[in-house]
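Note that these values count all heavy atoms, side chains included, but never hydrogens, waters or copies made by symmetry. Letters A, B, ... are given to chains in the order of the sequence lines, protein chains preceding strands, and every chain is numbered from 1.
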Protein chains: 2
Amino acid sequence: MIPLSPRESARRRLLDVLRREGPLARVEIGQRLGMSPASVSDLTASLLDEGILVTEESGEHASGLLRGRPKVRLFFADTLGFVVGVWTGFNRIELRLVDSAGRNRASRHVERPLRNLEAEELMDVLAETITAFAAETGASDVKAVGLACQGYVDTRDGIVAWSPVLGARDLPLAAGLERRLGKPVLIENDASAMAFAIAQRNPDFRSGRTACLMVGDGVGLGLLVQGELYRGARSGGSEFGHVRLRRSGPQCRCGGRGCIEAYLADYALHRDAQLIDHRPAPTTLIPSEDSMEAIVAQARAGDPALLNLFQAAGEVLGDAVGILVQTLEPDHIVICGPGTRAMDLLRPSFEAALAIQTIPELRDLAAIHVVDSSMDLLTEGVVMQALRELDFDLARLKAA
Amino acid sequence: MIPLSPRESARRRLLDVLRREGPLARVEIGQRLGMSPASVSDLTASLLDEGILVTEESGEHASGLLRGRPKVRLFFADTLGFVVGVWTGFNRIELRLVDSAGRNRASRHVERPLRNLEAEELMDVLAETITAFAAETGASDVKAVGLACQGYVDTRDGIVAWSPVLGARDLPLAAGLERRLGKPVLIENDASAMAFAIAQRNPDFRSGRTACLMVGDGVGLGLLVQGELYRGARSGGSEFGHVRLRRSGPQCRCGGRGCIEAYLADYALHRDAQLIDHRPAPTTLIPSEDSMEAIVAQARAGDPALLNLFQAAGEVLGDAVGILVQTLEPDHIVICGPGTRAMDLLRPSFEAALAIQTIPELRDLAAIHVVDSSMDLLTEGVVMQALRELDFDLARLKAA
DNA sequence: GCACTTTATTCGCGAAATGAATAAAACAAT
DNA sequence: ATTGTTTTATTCATTTCGCGAATAAAGTGC
């Protein structure tokens, strides 16, 4: 919101590059950020002074002939405490503990249905789960929490306006958790978190415009412009998964029909596959990875009805990507999430639909990537953002 | 492309606000831009020095009691030459001459079919038309030309990658016109130009995210973020009008079927209306305003078949706006262009479709405006952008 | 003519970034 | 050992930029 001062922005870029590329010497930082050695010296001096960074003693010389003054690598002090990243699924909570450098220290997942909880109860459960996780991992000094969930999330005000996971609307989740935990809590749409994590790993996705389509429990979109998340009017992400592509399609969790999600999400494929097989209705809302794999395997073995299902899903995926291409003209489109497990089955109809949907000049422009991303990236993305917020606060606190 | 220096960016903002809000005193500029008087004094001193601005002598005191030192208003010198703005339609060229302050000095339109011309011939015709227009209006000193056209336009490289108006693909239109005219030429997608012009007139549209949907000869989208045009991978705009909403809909000019345009554009409504009336096929590709008005009048009079036509079009418009809401979460959506003439006929099905298509939380967020905009805004938008480019060059030239 | 009000300019300061000079810390060679 | 070479890091003076405060300017009202 408040535009960062030049100093704060340089500071942020410096810490970002250190988190991404491990310990770096000052010259290396200068090269990567296009800064003069003088500026880097200046910035790092204050960061060392504040105890945020430390110099690395271990002069483990890199291979090859080494002349000149040896590099002194800088990295985060390990006395700055930890941050917890959380992802809430339908009946599952993923947790991750990272240190101030963003390195994974512990991760865990807890099976816990969240769908039918009252708002207060839900926040109690989340707070307890987070506290227990921190205690079990021996992390006494958790500075902040980042939480990613499906739905329409107002990151600035910390409100979940709508979510298929939560029953409530306009839930002030961040404030509720902050009260319970006594720590700052950042909440974020999960597709946005995924997009951010993917962009941290691939520099290509940090320049220009990148649209990340996450297919899994639902379908979400995370949009990056110059490596930063695009934020809409309520600083939320996109509810692209609930664009209705077909006038009278299958039922969607949002209450509508024919949404992108209602064809592509795991729950949709699973539901339709079970109808085909005349098996009993699923006991849980979200199918297990095993059962999804079983459906995919059955389709790969040649089951014609299931092949039809994936063919229709691929077509919807092609239409969806086509809309993104025509509307946003992105440099990169990344298809990610568990749904990519069936990309071989989706691809023929996906590419056909994309070809029909788009003008060739535009289609050839966007590089389409299928990234095999685990759900780990969700907590990684949101925890990195929470860390960045913390950097910002540290800078503020020092100034005061 | 090259990031503007702080000075250059402040300079641009100053000239922008002067073009928008007429002659202004230095204090007034400071208030509007949130700059200190000292900074404004500094900036205006150099601009006066360079002869870009002049002080206004006419001390025509505003009404009411006036005490204190009188304001000295600043404005553009009128010795800086002119800029021509052009819009190319199917069989029509719109022209506009503005001075360096952006004030309209002359405008004209020429009936001239452009569809079936070869690339070289087309550029000859355009160059001749522009030269003749400048000569007729007595503008001896035209500094630059801005041209808006439908289709997928690469503004940075000056290439029309694809356009329904032009036969050619990947036409280096800017370079071709620059060679013929000996002046810099800026080309731009026409919906982007319209969006820019609309945002110049309404400050609400210059903050946050504004999506401008232009309905007329075709359907185009111009996207503004913080008052500046969003540019995609090839720095073009969007081809949103060619998103295919219906699997097997009516034929579109792009070669596909079921595009948004194929329901909403004038040519589509006119074509279908004539089929209904069993009248002969139209002689021109683009119907006249009169014939469109006739169709609308007949529908308003209660013709059931025509009402169906507008009902279907409204539904598509609702779906289109819904996609924008769900994907981009804009602060403002502006529906503009000649197509708004039938907004009363479109509105019921438009609103119903929008309600079905969107999640209430998101829908309530975006303010939807219907702006009765004349085609004049097209040339206005592109000419203002060409002027801004010129400011930029002036700053560069002085520095050298 | 004098007080008052509003507008504009000047001046000095501080933040930020940089190039150039300098210092530091090693190894290599004699 | 001493000196030179090479690379890394810091210091310092300079420039750009914007701003607050003081000052000057240009009117009106009495």
Side-chain angles (χ1 to χ4, degrees), chain A residues 2-15 17-18 23-49 53-75 395-396 398-400, chain B residues 2-14 17-18 23-49 53-75 395-396 398-399:
Chain A
I2 310 126
L4 269 59
S5 75
R7 186 78 171 191
E8 281 172 331
S9 129
R11 198 185 164 106
R12 161 159 289 189
R13 275 179 295 144
L14 197 155
L15 295 178
V17 80
L18 267 185
L24 288 176
R26 284 171 253 252
V27 262
E28 294 167 331
I29 295 171
Q31 285 160 12
R32 272 160 245 268
L33 299 182
M35 279 171 139
S36 72
S39 305
V40 178
S41 249
D42 194 28
L43 274 170
T44 52
S46 14
L47 287 166
L48 286 164
D49 202 46
L53 298 184
V54 291
T55 58
E56 200 181 47
E57 282 309 304
S58 66
E60 41 178 88
H61 287 179
S63 62
L65 73 160
L66 265 198
R67 313 216 291 203
R69 179 173 174 175
K71 293 183 206 298
V72 177
R73 275 172 241 280
L74 302 173
F75 206 46
R396 288 271 155 131
K398 283 287 163 183
Chain B
I2 309 126
L4 269 59
S5 75
R7 186 80 171 190
E8 281 172 329
S9 131
R11 197 186 164 105
R12 160 158 291 189
R13 274 179 297 145
L14 198 156
V17 80
L18 268 185
L24 288 176
R26 283 168 252 246
V27 261
E28 295 168 331
I29 294 171
Q31 284 159 11
R32 281 165 182 61
L33 299 183
M35 278 171 138
S36 72
S39 304
V40 178
S41 249
D42 193 28
L43 274 171
T44 52
S46 14
L47 287 165
L48 286 164
D49 202 47
L53 297 184
V54 290
T55 57
E56 200 181 48
E57 282 309 304
S58 65
E60 41 177 86
H61 286 178
S63 61
L65 72 161
L66 266 198
R67 313 214 292 203
R69 179 174 174 174
K71 293 184 206 296
V72 178
R73 274 172 241 279
L74 301 173
F75 207 47
R396 289 270 153 131
K398 283 286 163 185

| field | Contact under 4.0 Å: A:Ser36 side-chain N or O vs C:dT18 OP1/OP2 | value | yes
| message | Quick check: do A:Leu43 and A:Ile29 have side-chain heavy atoms less than 4.5 Å from each other? | response | no
| Sugar-phosphate only, base, or nothing, as touched by A:Val72 at under 4.0 Å among non-hydrogen atoms | sugar-phosphate
| Does A:Ser41 put a side-chain nitrogen or oxygen below 4.0 Å from OP1 or OP2 of D:dT10? | yes
| Donor-acceptor pair under 3.5 Å, B:Arg69 side chain vs C:dT6 base | no
| Taking atom CD of B:Glu28 and atom CD of B:Gln31, what is their separation to the nearest 0.5 Å? | 6.5 Å
| request: Just call it for A:Pro37: base, sugar-phosphate, or nothing, with non-hydrogen atoms closer than 4.0 Å on any strand. | output: base
| said: Output the rounded distance in Å from CZ (B:Arg73) to P (C:dA8). | reply: 9 Å
| query | So how far is it from B:Leu24 CG to B:Thr44 OG1, rounded to the nearest 0.5 Å? | reply | 12.0 Å
| field | Nearest-nucleotide 5' precedence on DNA chain D, A:Val40 against A:Gly68 | value | A:Gly68
| task | Answer with yes or no whether B:Arg67 presents, from its side chain, a donor or acceptor under 3.5 Å of a partner atom in the base of D:dT28. | result | no
| task | Whole angstrom is fine here: how far is it from CZ in A:Arg7 over to P in D:dC17? | result | 19 Å
| said: What is the distance, to the nearest angstrom, from the CG atom on A:Asp42 to the C1' atom on D:dC12? | reply: 12 Å
